[in-house]
Amino acid sequence: MSTLSARAWTLAVALSVLPAVLPADQSLQVAPLSREGRVLVSFRLDNAFNEDIRTAIHSGLTISFIYDVELKRGSSLWFDRTIASEKVTAAVRYDNLARRYQVTRTQDGRIERVDATEREEDARRLLTEFDKLPLFTSEGLEPNAEYYVRVRARTSPRNASFVWPWERHDVSATAKFTFIK
Amino acid sequence: MATTLRDARRPTLPARPAPRPPVRERRPFRDNPRLILIGLVLLLAALAGMVWLADQSRELNPDFLSEVVLYALSAADLTMVIALVFVLARNIVKLAVERRRGLPFSRFRAKLVLAMLGLTIVPSVLVLLVGGELIRSSMEQWFSDPVDVVLRSATEIAGDYYQEREKIVRDHVLRIARALPAEAVDTGDLEAVRALIGPEVTQRGVGLVEVYRIPAAGAAPGPLVAVESPSLPRGHVRASADRLAAKVAAGDDRPVHEQLAEGGELVRAGALVRDPATNRTVGVVIASDHLADNLAQHSRRIKEAFENYNQLRVLKRPLEGVYLSLFLMMTLMILVSATWMGLYLAKRITRPVQMLAAGAREIGAGRLDHRIEPETRDEFGSLVEAFNTMAGELAASQRKLDRSRLDLERKNQQLDERRRYIETVLERIATGVVSVGADGCIETINAAAVRLLGVEAGVIGAPLDAAFGREDLRPLGALVQRVHAGRAEPAAQEIALTREGRELHLAAAATPLQGEDGAPAGAVLVFDDVTPLIRTQRVAAWRDVARRLAHEIKNPLTPIQLCAERMRRHFGSAPPASRALVDECTTTIVGEVESLKALVDEFAQFARMPAPRAVPSDLDGVIRDTLALYKGLFGQIRLEHRPAEGLPPVRIDVEQIRRVVINLVDNAVEALGAAAAPLRPGGDPPSIVVATGHDPGHGVARITIADNGPGIPPADRDKLFMPYYSTKRRGSGLGLAIVRRIIAEHGGNIEVADNVPAGTVFTIELPV
């Protein structure tokens with residue numbers, strides 16, 4: 001019984017420190033660009049396609065990479081003001097018979113594109129790299145003012161902890177830009 | 001003696017408030033069986049829900065499982081932990097407060113809760129740990145290397161097969177696309193196209209070949225001709241081939257799989273048909289190969305098994321979390337339930353006892369109308385009912401006692417008033433009353449008895465012999481002794497006592513007292529001062545004698561006087577010697593007759609003294625006027641008048657009182673030696689002091705006439721006021737008798753006593 005109890009305690013401690021799906025060394029690169037009345041946002045999630053993600057994708061589960069993108073303006077006296085926000089999702093489902101990845105990109109629930117590829121690298125790129133997404137309009141932005149875009153990435157389903165499931169392992173990054181009209 | 005007692009105000013019981021009906025308070029949850037039942041049902045429903053959730057957890061959407069279920073369970077666990085901590089902390093604080101206040105049963109409740117918690121927390125935590133380990137090990141056993149290898153290999157095989165079939169179909173469609181004449185496709189020459197693709201179906205085993213024509217660059221491909229093998233199952237849809245043709249035309253030539261309604265599936269692949277000369281795309285060829293139903297199903301099952309297996313592995317952590325959360329929730333429910341049950345049992349046990357203790361304190365404090373609301377119908381409820389019954393009976397007994405006490409107080413009050421009334425009567429009456437107890441000791445003696453007998457009031461409690469041991473009281477003592485000893489019946493006797501030189505006549509009656517059982521309880525002696533009555537009787541007798549004497553003596557005096565005067569006239573012419581003799585004799589006879597007449601007149605006056613006509617008068621004025629008559633008559637004697645201050649008018653017959661004063665002053669002057677009064681032995685001048693006084697307490701005005709003469713021997717004092725008693729040679733002996741009679745007629749009293757240091761003092765008391 002003592003051995004069993006010790007193992008149980010070990011289990012409890014281990015459960016409390018298990019990492020989330022996203023590895024700790026991942027990083028997010030964000031690059032906003034204002035052009036032709038739109039704010040184009042490019043971002044890339046590095047080191048996200050680790051073995052756990054790969055196993056989860058190859059299990060046939062639909063794995064979603066969810067990116068919360070916010071256009072914000074800094075404030076020295078109060079909380080930063082959120083001007084606009086978008087949720088960009090890239091979901092992948094792998095067919096183990098056809099050995100093909102089907103990646104669906106949505107933006108605020110709208111399907112933007114569906115891609116199928118047999119190459120994992122293509123799937124990774126489709127899931128983690130977004131180039132010049134016209135997410136926000138620049139109308140209403142103050143010329144020559146400084147704004148920033150914050151992107152927060154997470155995966156679903158969560159590999160949440162039993163002891164404290166609210167612990168977030170999201171990855172976020174910000175990038176400033178000056179709106180020049 | 002008729003006694004009328006004023007009705008004593010009847011005491012009444014203080015208004016006792018009616019017994020307060022127990023206030024029915026809202027029953028708390030712990031005492032409400034319906035709520036408890038609902039709680040148990042909800043608890044069981046929660047447990048059933050948890051069991052169902054645990055059973056369905058593997059089937060749940062992974063997002064729902066990890067985003068909702070696990071969060072909800074963790075939130076529920078956290079809530080229950082907080083609830084448990086709150087309940088425990090609250091009870092610890094309450095225990096500390098109750099112990100500080102010294103409230104009863106706090107330790108018992110704490111012990112019971114701790115016992116229940118201790119009985120459950122150890123096995124619950126052990127079960128939680130062991131169960132968690134079992135869950136973890138069970139989930140570990142879901143995954144094993146052989147199963148993993150088998151499933152992975154099978155999936156690889158199925159995938160390779162699919163890939164192979166796709167490759168075959170792709171090879172077919174590429175060969176057909178190269179073989180098809182672009183012109184025939186472009187011009188829609190169906191015969192030429194069918195002639196080419198027919199052998200592919202019949203000879204090369206391709207299940208279905210469909211050719212689409214693209215009339216112009218960028219246009220959508222349209223179906224041109226299709227050749228189908230007779231062995232191909234029906235159910236494939238044209239739309240699937242149309243979509244694939246469009247995809248291929250758009251550049252996506254990946255094969256697709258189409259499920260057939262009759263079983264199996266089609267592996268479709270497409271290729272573009274180009275014009276070699278212009279390299280223009282003129283059409284699309286779709287070749288389809290049929291996968292048998294069982295083969296397709298097996299492949300799909302292999303894939304599903306593999307994916308389920310791997311999804312479990314991927315979702316192992318959330319699933320573990322769900323199971324452990326459910327297990328933790330059940331453990332917490334047990335702990336919370338045990339804690340609550342401990343509190344509930346403690347309340348159930350201690351609350352009635354606390355209520356009984358509080359009720360006993362209320363009853364002990366005299367609040368007999370206190371009742372306890374029975375909250376249960378079990379043994380505690382019966383105990384509470386018995387307590388309430390006891391309290392009711394106590395209240396009824398207390399009310400009876402109160403009524404009895406009030407009745408007793410009322411009777412005691414009446415007896416006390418009657419006793420005080422009797423004591424007052426005894427104190428105020430002139431009759432002397434002495435009671436002797438069974439032990440022969442004086443029990444009561446009233447003021448009249450003290451005054452008449454001349455004993456101290458402190459004689460109460462003294463033996464009869466000692467109290468009546470004085471020589472003059474012995475006859476009374478003997479009378480009481482006879483009755484007290486039971487040797488005589490109630491007896492009345494007139495007894496003459498000599499007290500302070502005066503004769504006192506008492507009419508005494510002694511009566512034996514008997515208790516309720518007839519036993520001797522002592523005796524009571526009642527006596528009245530009948531001295532004035534006897535004096536009155538004597539005076540009346542003397543008046544009668546005087547009247548007869550006056551009548552018998554006065555009649556012959558006039559003839560004697562006339563005869564004597566006749567003899568003197570007859571012998572007026574006789575010789576001088578004879579005439580002198582006759583004159584001397586007749587003068588003597590006439591003089592004596594005159595004396596006798598005066599004496600008889602006094603007798604007659606004594607006998608016929610009129611009733612006084614009393615009017616309110618200034619007593620000191622009367623005395624002053626009377627004493628004025630003596631001014632200058634007796635130069636050696638100092639006559640002094642000391643009037644009282646504030647003496648009210650006294651109802652007197654002025655002439656009679658003046659006579660009294662003259663009589664007494666004359667007696668005093670004579671006692672002092674009249675005009676030739678010598679100095680007194682101490683060198684003091686002879687003096688007479690007439691003073692007045694007022695005694696509001698007794699309602700009398702007092703006149704004292706004191707001299708410093710030789711005084712009156714005690715033996716003569718009582719005889720002073722008797723008629724015909726005189727210490728003077730020529731006194732008639734009626735002066736003081738008349739004085740006493742006048743005073744008596746005024747309702748007063750006269751006494752004589754020694755004047756200190758020398759002489760005599762007469763004291764007259766007249767009612768004011």
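None of these values were measured; they are calculated from a predicted model. Naming convention: chains lettered A, B, ... in sequence-line order (proteins, then strands); numbering from 1 in each chain. Side chains are part of it too, since the values below use all heavy atoms of this structure and drop only hydrogens, waters and symmetry mates.
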Regarding A:D131 and A:S42, is there a side-chain donor-to-acceptor distance under 3.5 Å anywhere? yes

If we define contacts as heavy-atom pairs under 4.5 Å, which of B:R313, B:K303, B:R300 has the most with chain A? B:K303

Heavy-atom distances under 4.5 Å only: say whether B:D252 touches chain A with side chain, backbone, both or neither. neither

So, applying side-chain contact (heavy atoms from CB on, under 4.5 Å) with B:R268, which one of B:V169, B:I286, B:V173 is it? B:I286

Would the number of heavy atoms belonging to other residues, nucleotides or ligands and lying under 6.0 Å from CG of B:D145 be above 12? no

Toward chain A, the part of B:E166 with a non-hydrogen atom under 4.5 Å: side chain

Using the ring centroid of each side chain, check whether A:F177 and A:Y148 are separated by less than 6.0 Å. no

